[in-house]
Amino acid sequence: MVPRIKKLPRSFYNRPTLKVAADLIGKYIVFESPAGTMSARIVEVEAYIGQGDPACHAARGKTKRNAVMFGKPGFTYVYFIYGMYYCLNFVTEREGFPAAVLLRAAEPVEGIDLMKKHSPRQKEHRLLAGPGKFCKTFGLTRTHNGLDLTGHTIYLEDRQGEPGNVVTTPRIGINHGAELKWRFLDADSSAVSK
DNA sequence: TGAATGATGCGCT
DNA sequence: GCGCATCATTCAT
């Protein structure tokens, strides 16, 4: 008997990053925070792939900040940006190959009251509509960097849902590698970033 | 409704 | 110092 809800195993992340990114649309992210459990349906991601990708943080080699991208797949990479926001990534591909998928937007599912405590001014379908907003609303910070996605704090689930109307576009907010269509989103969702 | 801007910290040159 | 995988607000049309 195959369970209807299945936690994504490390083998899911240990694949070409573009495949992982495309497959993430319609999956669910679960965060078991001390204040309660939150979950959401992923509707927008971007791929950052290796030292040949000029927009990837690892493009200029390994540093203390991006070290987790060089490690095993299936871990979180959380970084601080613009003085006030965090962004959450999922590390992909084999150990030694730095790549990750940035989580840009999701639709709130469970723990919505808790999400609203973190972001009181947002309309419900906009609570997670952007990478900075996602981390603010989930309460994620640098302390959540390098966590094992096959563990029990943050993990992804396949709930056998439809991915929706998946399209690809150039990535947002970058200056180099902007011609690559490495952003994946469900165009029918009202929770994608603007 | 779209463009410009300020907030703000940190990693890298 | 500069630039950054952002976002909310302000200002102009």
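So you know, we letter chains A, B, ... as the sequences are listed, proteins then strands, and number each from 1. What you see is a predicted model; the values in this text were computed from it and never measured. Worth knowing before you read on, the calculation uses all heavy atoms, side chains too, and leaves out hydrogens, waters and symmetry mates.
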Side-chain heavy-atom pair A/Y13, A/L156 within 4.5 angstrom cut-off:
yes

For residues A/T153 and A/E32, determine if any side-chain heavy atom of one lies less than 4.5 Å from a side-chain heavy atom of the other.
no

What is the distance, rounded to the nearest whole Å, between atom [atom1] of [X] and atom [atom2] of [N]?
X	N	atom1	atom2	value
A/R60	C/dG3	CZ	P	11 Å
A/R126	C/dT9	CZ	P	15 Å
A/L127	C/dC7	CG	P	13 Å
A/H118	C/dC7	NE2	C1'	18 Å
A/I81	C/dC2	CD1	C1'	13 Å
A/Y85	B/dT8	OH	C1'	10 Å
A/L102	C/dT6	CG	C1'	11 Å
A/K62	B/dG11	NZ	C1'	17 Å

Without hydrogens or angle criteria, can the side chains of [X] and [Y] be said to hold a donor-acceptor pair below 3.5 Å?
X	Y	result
A/S193	A/E44	yes
A/E107	A/S189	yes
A/T17	A/E93	yes

Please give the nucleotide sitting opposite [N] as a Watson-Crick or G-U wobble pair, both distances under 3.5 Å, or none.
N	result
C/dA5	none
B/dT8	none
C/dT13	none

For [X], answer base if it contacts any base atom (sugar-phosphate contacts may also be present), sugar-phosphate if it contacts only those atoms, and nothing otherwise; contact means non-hydrogen atoms under 4.0 Å.
X	answer
A/T63	sugar-phosphate
A/G132	sugar-phosphate
A/N89	base
A/K194	nothing
A/I174	sugar-phosphate

Does OP1 or OP2 of [N] have a side-chain N or O of [X] closer than 4.0 Å?
X	N	answer
A/R183	C/dA5	no
A/N175	C/dG3	no
A/R121	C/dT9	yes

Of A/Q122 and A/G173, the one whose closest DNA chain C nucleotide lies more 5'
A/G173

Of A/M84 and A/R65, the one whose closest nucleotide on DNA chain B sits nearer the 5' end is A/M84

A/Y79 and A/H57 aromatic ring geometry - parallel, tilted or perpendicular at 30°/60° bounds:
perpendicular

Return the stacking result for C/dA5 and A/Y48: yes when the ring centres lie under 5.5 Å apart and the planes under 30°, no otherwise.
yes

Ignoring hydrogens and angles, answer whether the base of B/dA7 and the side-chain atoms of A/Y82 contain a donor-acceptor pair closer than 3.5 Å.
no

